[in-house]
Trainee: 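Here you go, one structure.
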Amino acid sequence: MDFHRRLLSCTSLRSSRTLHALLLISGQSADILLATDLLNLYSRLGDLPAAALSFNQIPKQNIFSYNSMISSFVRHGFLTDAFLCFHRLLAVPNLRPDSFTFPVALKCCTSLEDIKKMHSLVKRSGFGTDLFVSSSLISGYSKFGSVEYAEKVFDEMPLRDSGCWNAMVSGLCQSGRDDYAVQVFNQMVQVEACVDKVTISCILPVYASLNDLLMGMSVHVYSIKHGLDSDIFVSNALIDMYSKLCCLEDARHIFDSMECRDLVTWNTMITAYEQFGDSTVVLEFFGLMKRNGLKPDILTLVSLSSAVSQIQHEGNCRAVHGFFVRRGWDEDDIFAGNAIIDMYGKMNKVKYCQDVFDRMHVRDVISWNTLITSYSQNGLANEAIEVYENMGRYEGLKPVQGTFASILPACSHIGALRKGAQIHGQTIKAGLHFDVFVGTCLIDMYAKCGKLVDAMALFVGMPISSSGPWNAIIAGHGSHGQGKKALELFSEMQREGVNPDHVTFVSLLSAFSHAGLVQLGKEYFQLMKSRYGIEPMVKHYACIVDLLGRAGHLDEAYKLIQNMPLKPDAGVWGAFLASCRIHGNVELGRLASTWLFEIDHENVGYYVLLSNLYARGGEWKGVNEVRSLAKQRSLLKTPGWSSIEVNNKVNVFFTGNQSHPQYEEMYKELVILLAKMKNIGYIPDYSFVLQDVEDDEKEHILASHSERLAIAFGIISTKPKSTLYIFKNLRVCGDCHNATKYISRVTEREIVVRDSNRFHHFKEGNCSCGDYW
DNA sequence: CTAGGGTTAG
């Protein structure tokens, strides 16, 4: 019987065990050649223990069997065992590692030190110029961040094959030295070193990250010319490149024309659709992939989790989570855990975020950042700050760019100026205060906390080359009602050679709207397309509808909505309805609300606006209708809350909340205030109350609105006549707006209220925003 | 009988 031939052609574990038994019976199991064949067979079929057993049954192992054993360990990811086996080999007399040993041995190194030691052993053993060994050295050095050593090996080679060139190019790519990688690649083309399929798959991701479609395409053409495009690695890299450069159709075309596809192919395609926001196709592909007999891996599920959170499908989210759990990935894999936290964060399930986070066995800085973002984006800013502080306290992790980018918006969100300033200090410590992203967050934080001057000082001192910081400072001035200054900054931005983008125009248009600069707003809305080539998006239409509507040009605003090429969303109709309310146009307001209730029927704010509008016009029938509608559709309303920072602590108040330790005191203050306010002419406006209750109950409801609670707390806990800074997560209620004017008069305080829309500066009974309530 | 350099991510 020819054991050797049968061992080589065997394809199942079952038959390999039969062969193993036959070997034992025929007394040939100690034959070193056959035993090594068996070892390789078991390793190829995934049974590492059996492979190791075969190895140990060999009475006197030679260099072939050692090489096979070490490479089996490496193949199965047991680097430590591979390393130990290599050292066992070194101790065997008369046995020396050969040119086959070193490439595998280099693969099981786990540090730069290991590589260096192995390098000197290579030299002593006389393999310093071996091509295979050298390319492994180059790749090993690059893997542990030492491009310099890799280059040295490369430069000292007397002759080079494509493998070494490829190792050099891929080493540079993986260390993020894109420009340098391209340089070496060009050299490679010039010296006519063979550019092969490996080179192509190394260089394609570089052109993707350099955003160089032209070069990417020419590499594609090269690969077609040389028949390399049928290689699965090349095809996969091409799909990835095209999708990253937004050529989804080209990516799809390659996918469709592939003869065989592997897991990476499917994952790349799924990720591409996920990045494009086409979640339906992601789910389709996921199904197709499974029907083609492929098992999803962590990467598949990471993309999938992002897709299902995009479509806000709770059932799918749970299914994806279950998938992770069944394989234990949710606890063991950082990537997976982080993706699940992100998913639940986007689904507004913060509780689950914390649960998943707590169960993870290992966490990295991204895990913390994701948790912070989840709290922050779900309005739980205090919790976000707590997590931020625990991060350093419990795991000694240093904040990075992403950490600041998640915690600073949380400070802006609740107006935690002191905390924000403290974190500003930490950005300096981390050497990141000049980072564009962090800098932009800092500018935004100071502006949103009412410190426009500090925001400006920071802005001026920052080296700026992108639109981010400009957008932040323009928006900052806009929300403070300084439209002219916003326009000046806009001009200056262009003098500095920075191009405005679509975000810039949102900042600019809303600045004009807040300042009532109608003519300028209309002008720049036109220029945006004609001069700057930026196609207006729904957000821009919402700004311009707000601008026209506030100024009373309701017909013009309505015409604009009717003629806009995009489908108006709740933002557009919401702005329009608010304008109708300001100008008392019941007819158009009713129209707007019909659309709104269709698009976003759960938002209680629109019902309040409409009811108020009817009440103003004396249409009590309408008021009743809205009330019963609101009652019918048990409205899922975002709870309103306000906050105020006192003595470096942020106090958050929810509407009607009585659980604050100083509630009694606050309540007493509110009663006194109310009496004083009424004395000088305040009349509560019950049309802001949707509940169908008696008038004195309505008065009570209005007086326990969260902004009132925060103001009352501010009054009892700060020095008389000092300025109060209040933050409200929704738009400030019309009655509260009016009431705050009176409060500023009776307490002789300035009161600054920032709501989800803008700043309201109350002083001596007036408000800077000039809105009519 | 054994070997190097390759594509996908939060």
Trainee: Taking only side-chain N and O atoms of A/Q174, does any of them lie within less than 4.0 angstrom of OP1 or OP2 on B/dG6?
Mentor: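 So the side-chain polar atoms of A/Q174 do come within 4.0 Å of the phosphate oxygens OP1 or OP2 of B/dG6, strictly under.
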Trainee: Rounded to whole angstroms, how far apart are CG on A/D262 and C1' on B/dT8?
Mentor: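 These atoms are roughly 10 Å apart.
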Trainee: Which part of the nucleic acid, if any, lies within contact of A/V169, taking any heavy atom under 4.0 Å across all strands shown: a base, the sugar-phosphate backbone alone, or nothing?
Mentor: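 Here A/V169 touches no strand at all.
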Trainee: Side-chain contact test, heavy atoms from C-beta onward, threshold under 4.5 Å: evaluate it for A/R96 versus A/I63 and give yes or no.
Mentor: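 No. Closest side-chain heavy atoms not under 4.5 Å.
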Trainee: What about A/S201, does its side chain sit under 3.5 Å from the base of B/dG6 through a donor-acceptor pair?
Mentor: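 Checked by distance alone, the answer is yes.
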Trainee: For A/D196, which contact category applies under a 4.0 Å heavy-atom criterion: base, sugar-phosphate, or nothing?
Mentor: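 If one applies the 4.0 Å heavy-atom cut-off, A/D196 turns out to touch a base.
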Trainee: Could you tell me if the side chain of A/N292 sits less than 4.5 Å from the side chain of A/W266, heavy atoms only?
Mentor: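 The answer is yes, as the side chains (C-beta and beyond) meet within the 4.5 Å cut-off.
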Trainee: Given B/dA9, B/dG6, B/dG4, identify the nucleotide with an atom nearest to the side chain of A/V198.
Mentor: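 Looking only at side-chain atoms, A/V198 lies closest to B/dG6.
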Trainee: Please confirm whether the ring centroid of A/F185 lies under 6.0 Å from the ring centroid of A/Y180.
Mentor: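 No.
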Trainee: What's the CG-P distance between A/D161 and B/dG5, to the nearest Å?
Mentor: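 Answer to the nearest Å: 12 Å.
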Trainee: Compare side-chain N and O positions of A/S170 against OP1 and OP2 of B/dG6 and report whether any pair is under 4.0 Å apart.
Mentor: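 True: A/S170 side-chain N/O within range (under 4.0 Å) of B/dG6 OP1/OP2.
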Trainee: Check the geometry between A/W165 and B/dG5 and answer yes if their rings are stacked (centres below 5.5 Å, planes below 30°), otherwise no.
Mentor: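 Not stacked by the 5.5 Å and 30° rule.
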Trainee: Specify whether A/Y273 and A/F285 have parallel, tilted or perpendicular ring planes, treating 30° as the upper limit for parallel and 60° as the lower limit for perpendicular.
Mentor: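 Geometry flag for A/F285 against A/Y273: tilted rings.
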Trainee: If you compare every side-chain N and O of A/K244 against the phosphate oxygens of B/dA9 (OP1, OP2), does one of them come in below 4.0 Å?
Mentor: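 Yes.
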Trainee: Examine the base of B/dG5 for any acceptor or donor lying under 3.5 Å from a partner atom in the side chain of A/S135, and report the outcome as yes or no.
Mentor: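 Absent.
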Trainee: Round to the nearest Å and state the distance from A/L172 atom CG to B/dG6 atom P.
Mentor: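 To the nearest whole Å, that distance equals 12 Å.
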Trainee: Between the base of B/dG5 and the side chain of A/S162, is there a donor and acceptor pair under 3.5 angstrom?
Mentor: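 Checked by distance alone, the answer is yes.
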Trainee: Under 3.5 Å, is there a donor on one side chain and an acceptor on the other for A/S376 and A/S406?
Mentor: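 There is no such pair (donor and acceptor under 3.5 Å, judged by atom type) between the side chains of A/S376 and A/S406.
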Trainee: Could you give the CD-to-P distance, from A/E274 to B/dT8, as a whole number of Å?
Mentor: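 To the nearest whole Å, that distance equals 16 Å.
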Trainee: Under 4.0 angstrom, heavy atoms only, what part of the nucleic acid is A/Q275 near: base, sugar-phosphate, or nothing?
Mentor: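 It contacts sugar-phosphate atoms only.
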Trainee: B/dT8 C1' sits how many Å from A/F286 CZ, rounded?
Mentor: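 Rounding to the nearest Å, CZ of A/F286 and C1' of B/dT8 are 16 Å apart.
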Trainee: Using a cutoff of under 3.5 Å, can you pull out all pairs of nitrogen or oxygen atoms linking the protein to nucleotides 1-3 of chain B, with atom names and distances?
Mentor:
unit_1, atom_1, unit_2, atom_2, d
B/dT2, O2, A/N67, ND2, 2.5

Trainee: So, A/Y242 versus A/H220, ring centres under 6.0 angstrom or not?
Mentor: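 Ring centres of A/H220 and A/Y242 closer than 6.0 Å.
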Trainee: Please work out if A/I200 contacts a base, only the sugar-phosphate, or nothing of the nucleic acid, heavy-atom cut-off 4.0 Å.
Mentor: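 Since no nucleic acid heavy atom lies under 4.0 Å of A/I200, the category is nothing.
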Trainee: With sequence neighbours excluded, what pairs up with A/F73 under the ring-ring contact (aromatic ring centres under 6.0 Å, His included) test?
Mentor: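 ring-ring contact (aromatic ring centres under 6.0 Å, His included) list for A/F73, sorted by chain: empty.
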Trainee: So what does A/D297 touch, heavy atoms closer than 4.0 Å: a base, only the sugar-phosphate, or nothing?
Mentor: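 The residue A/D297 makes no contact with any strand.
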Trainee: What about A/D231: does its side chain form a donor-acceptor pair under 3.5 Å with the base of B/dG6?
Mentor: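 Yes, a donor-acceptor pair under 3.5 Å.
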Trainee: Return the set of residues passing salt bridge (Lys or Arg N to Asp or Glu O under 4.0 Å) with A/D47 (not counting sequence neighbours), or none when no residue passes.
Mentor: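 Once residues adjacent in sequence are excluded, the partners of A/D47 under the salt bridge (Lys or Arg N to Asp or Glu O under 4.0 Å) criterion are A/R17.
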Trainee: A/F255 CZ to B/dT8 P: how many Å, rounded?
Mentor: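 So the CZ-P distance, A/F255 to B/dT8, works out to 17 Å.
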Trainee: Whole Å only: how far is the CG atom of A/N267 from the P atom of B/dA9?
Mentor: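 One finds 10 Å between P of B/dA9 and CG of A/N267, rounded.
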Trainee: Between B/dG6 atom P and A/M188 atom CE, what is the distance in whole Å?
Mentor: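 Whole-Å distance recorded here is 12 Å.
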